[in-house]
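Below, each value reflects all heavy atoms present in this structure, side chains not excepted, and no hydrogens, waters or symmetry copies.
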Amino acid sequence: MKAIAGCIVVAAGLALGPAAANAGERVTDAALGGLAGAVVFGPVGLVAGGVIGYTAGPKIACKIGAKRCYRHRARYRRN
C-alpha cells in the first residue's frame, strides 16, 4: 500500500513539475497545499492538497489578502 501511495506522489510531482516551473508563484501555493494536506490526510492529502493549492492557491491568497490582486474592472463614465 505504501508503494502505491509513493508511486502516486511521484507521478503527481512529475505531472505538475513542468507546469509549476512556468507558473512561478504557484510552486509555493502547491507546496503549502501539499504540506497542509499531508499533515491532515497523509499521502493522499499530500497529492490532493498540492493539486488544490496549485489550481486555487492564487485566488485563495487574493481573497484573504496575502497577495495583491489586480482586478480588471470595467469603468463606466458618467456624462
Side-chain angles (χ1 to χ4, degrees):
M1 187 58 120
K2 288 183 181 181
I4 293 172
C7 290
I8 291 172
V9 170
V10 170
L14 291 175
L16 293 177
N22 292 333
E25 68 195 26
R26 290 186 181 224
V27 174
T28 305
D29 296 330
L32 289 174
L35 179 64
V39 167
V40 176
F41 292 114
V44 175
L46 174 76
V47 175
V51 169
I52 291 170
Y54 178 78
T55 57
K59 188 173 250 185
I60 293 170
C62 180
K63 293 274 186 184
I64 64 172
K67 179 180 111 174
R68 291 184 187 175
C69 300
Y70 301 103
R71 297 180 184 156
H72 301 290
R73 295 182 184 172
R75 295 185 183 183
Y76 298 102
R77 294 184 185 183
R78 294 182 182 178
N79 292 340

Minimum heavy-atom distance between Pro58 and Gly53, given as atom pair plus value: CD-O, 4.2 Å

If hydrophobic clusters are built by linking Ile, Leu, Val, Met, Phe, Trp and Tyr wherever their side-chain heavy atoms come under 4.5 Å apart, do Ile4 and Val44 end up in the same one? no

Minimum side-chain heavy-atom gap Pro43-Ile8 below 4.5 Å: no

Distance in Å, Asp29 CG paired with Ile52 CD1, rounded so as to fall on 0.5 Å steps: 12.5 Å

